[in-house]
Amino acid sequence: MKTEKKLLLIISNQLKFITQIKEKLSVHCEISSVNSLHTGYNIALDLLPDIILVDQTSLSSKSLKNISNFKSTHFLNKCWLVMYADEDSRSIIEQIHKNEVNEVIYNSCTESILYSRILQQVHSKFSITNYWKDSFLGLFNLLVNPVVLLQQDTIIAMNDSFKETFKFDEQDIEDLKLTDFVDCENKTKVRASLRNFARGKHMKAVTRTSLQLKNNKTRNAKISFSKLDRMLHGQFIMMIHFFDEAPMIKEKVGSCSQNVENCFEENSNLAEFSFTKREKEIIQLLCKGYKTKEISDTLFISPKTIEKHRANIVKRTNSDTILESIIYAINHNLIDLQHNKV
């Protein structure tokens, strides 16, 4: 079984050291590198790496004073922080930095020992699986914003605020999809985008779209997706921020999935379409139970033309059947059933 690569961040000023690490470990790790601790901290907040390797032998003692920030930051305290240090600095390292990192490996050892220890961590079960999920679920119902836990586009848990904001049948709660609430017709593309996000390396995506609320009104919202854990395949949370409310999450944390943002932006625009006059006439007659022959006689157009219009209606509403298209049209007030012209 193929395992997912762990993310390794190297903080070092030595190009040769970085190159050797990449040659030895690139098969097992996705490797990023920076040349300063300050830059490394900011990059770590973006990448949320599994392993951070600090090369003390190439950094000044002054630059190491903020190394404690890594393990004291909530989003980084579950990563494995290892320091590669100069044997001559052992007494200082043991006194000042040993409690700030998970492990210190001195250069008196062969470099193969360093590679071996990193590989042990790559193949170990140290990962934060369940940590993010447990932490999130502990706060789930305390959040005032609507929040859901997703398995790709399937809703597997929702907080009280979501239940109060959105309309759904309690009996169908196990079959709810995110696309049931997203106001767009191209649901297939949304599903595909979320599936790609779930499988990809990005930890966060932020976008804007319109949503259907409990009172059948549509409201614009900013929605933020964030993976609970890179090892929980397909699972992530979605938090909804309506435009008149202050944001509640830190924008800096995580990387950004542009394809998700583009998809929802495009679908928000697509949702503003309207049927043609002829399509409305056909849907209105279908709602009255008319068959193709009867519609043909009423509108003085050929059955072949009617079938073409029906196919366009199904395609544009991203439905599987004309019945689904009719339901979509009614739910979105795209036809006027009070003024049918027969």
Side-chain angles (χ1 to χ4, degrees), residues 3-132 134-135 203 229-231 250 252-254:
T3 57
E4 184 177 356
K5 287 185 178 183
K6 295 291 175 66
L7 201 60
L8 168 62
L9 174 63
I10 304 172
I11 303 175
S12 174
N13 256 324
Q14 296 186 39
L15 181 59
K16 182 179 178 181
F17 177 79
I18 296 171
T19 301
Q20 289 174 336
I21 293 285
K22 289 183 176 180
E23 289 177 353
K24 295 291 184 179
L25 301 176
S26 60
V27 173
H28 306 279
C29 303
E30 289 186 14
I31 302 175
S32 301
S33 61
V34 292
N35 59 11
S36 74
L37 202 71
H38 175 73
T39 304
Y41 177 74
N42 291 321
I43 294 296
L45 283 178
D46 279 337
L47 298 178
L48 300 182
D50 300 289
I51 303 169
I52 300 175
L53 171 60
V54 179
D55 177 20
Q56 178 269 342
T57 66
S58 69
L59 303 174
S60 67
S61 56
K62 182 179 179 181
S63 69
L64 291 172
K65 66 180 181 179
N66 293 324
I67 195 171
S68 60
N69 289 343
F70 286 87
K71 300 302 286 186
S72 62
T73 301
H74 180 69
F75 297 100
L76 299 175
N77 63 10
K78 291 297 178 180
C79 71
W80 189 62
L81 180 61
V82 58
M83 178 183 287
Y84 183 67
D86 191 339
E87 178 65 43
D88 294 338
S89 303
R90 181 184 285 265
S91 59
I92 297 175
I93 299 296
E94 298 287 321
Q95 180 181 356
I96 300 176
H97 299 301
K98 188 173 183 180
N99 293 329
E100 298 175 338
V101 299
N102 294 103
E103 186 171 344
V104 180
I105 298 175
Y106 293 96
N107 61 0
S108 56
C109 302
T110 61
E111 290 183 346
S112 62
I113 291 179
L114 173 63
Y115 307 146
S116 175
R117 282 296 296 125
I118 294 176
L119 281 176
Q120 286 177 22
Q121 291 302 115
V122 167
H123 298 298
S124 74
K125 296 183 179 179
F126 85 99
S127 68
I128 57 176
T129 302
N130 293 328
Y131 170 76
W132 291 113
D134 292 344
S135 300
M203 291 298 293
D229 178 353
R230 196 178 292 106
M231 300 300 292
K250 187 176 180 181
K252 181 64 179 173
V253 176

Inset, instruction - Give the C-alpha distance, both sets of side-chain angles, the deciding distance and a yes or no for side-chain contact (heavy atoms from CB on, under 4.5 Å) between Ile93 and Tyr106. - result: CA-CA 10 Å; Ile93 299 296; Tyr106 293 96; 3.6 Å; yes

Legend entry - Minimum heavy-atom distance between Val34 and Gly40, given as atom pair plus value: CG2-CA, 3.4 Å

Legend entry - Gap separating the CG atom of Asp55 from the CD1 atom of Ile21, nearest 0.5 angstrom: 8.5 Å

Inset, instruction - Would you indicate whether the side-chain heavy atoms of Ile31 and Ile18 approach each other to under 4.5 Å? - result: no

Legend entry - Ser112 side, atom OG; Lys24 side, atom NZ - distance, nearest 0.5 Å: 8.0 Å

Inset, instruction - Please confirm whether the backbone N or O of Ser60 pairs with a side-chain atom of Ser63, one donor and one acceptor, at under 3.5 Å? - result: yes

Inset, instruction - Over all heavy atoms of both residues, which pair between Phe70 and Ala44 is shortest? Give the atoms and the distance, please. - result: CE2-CB, 4.2 Å

Inset, instruction - Work out which heavy atom in Asn13 is nearest to a heavy atom in Ser58; give both atom names and the distance. - result: N-OG, 2.9 Å

Inset, instruction - Could you tell me which non-hydrogen atom of Leu47 sits nearest to which non-hydrogen atom of Leu7, and how far apart they are? - result: O-CD2, 3.4 Å

Inset, instruction - Calculate, to the nearest 0.5 Å, the distance between atoms CD1 and OG belonging to Ile96 and Ser91 respectively. - result: 9.0 Å

Legend entry - Inter-residue atom distance Cys29.SG - Asp50.CG, 0.5 Å rounding: 8.5 Å

Legend entry - Taking every non-hydrogen atom, the tightest pair across Cys79 and Ile52: SG-CD1, 3.7 Å

Inset, instruction - Give, for atom CH2 of Trp80 and atom CD of Gln120, the distance between the pair rounded to the nearest 0.5 Å. - result: 8.0 Å

Legend entry - Stepwise side-chain contact (heavy atoms from CB on, under 4.5 Å) check, Arg117 with Ile105: CA-CA 9 Å; Arg117 282 296 296 125; Ile105 298 175; 3.8 Å; yes

Inset, instruction - Say whether, by atom type as modelled, one donor and one acceptor occur between the side chain of Asn102 and the main chain of Leu81 under 3.5 angstrom. - result: yes

Legend entry - Flag, side chain of Glu100 to backbone of Lys71, donor-acceptor distance under 3.5 Å: no

Legend entry - Heavy-atom pair of closest approach, residues His97 and Ile67: ND1-CG2, 3.8 Å

Inset, instruction - Could you walk me through whether Leu119 and His28 pass side-chain contact (heavy atoms from CB on, under 4.5 Å), step by step? - result: CA-CA 8 Å; Leu119 281 176; His28 306 279; 3.3 Å; yes

Legend entry - Nearest-0.5 Å distance that lies between atom CG in Leu15 and atom NZ in Lys22: 8.0 Å

Legend entry - Heavy-atom check, side chain of Asn66 versus side chain of His38, under 4.5 Å: no

Inset, instruction - Mind running side-chain contact (heavy atoms from CB on, under 4.5 Å) on Lys6 and Ile118 for me, showing each step along the way? - result: CA-CA 10 Å; Lys6 295 291 175 66; Ile118 294 176; over 6 Å; no

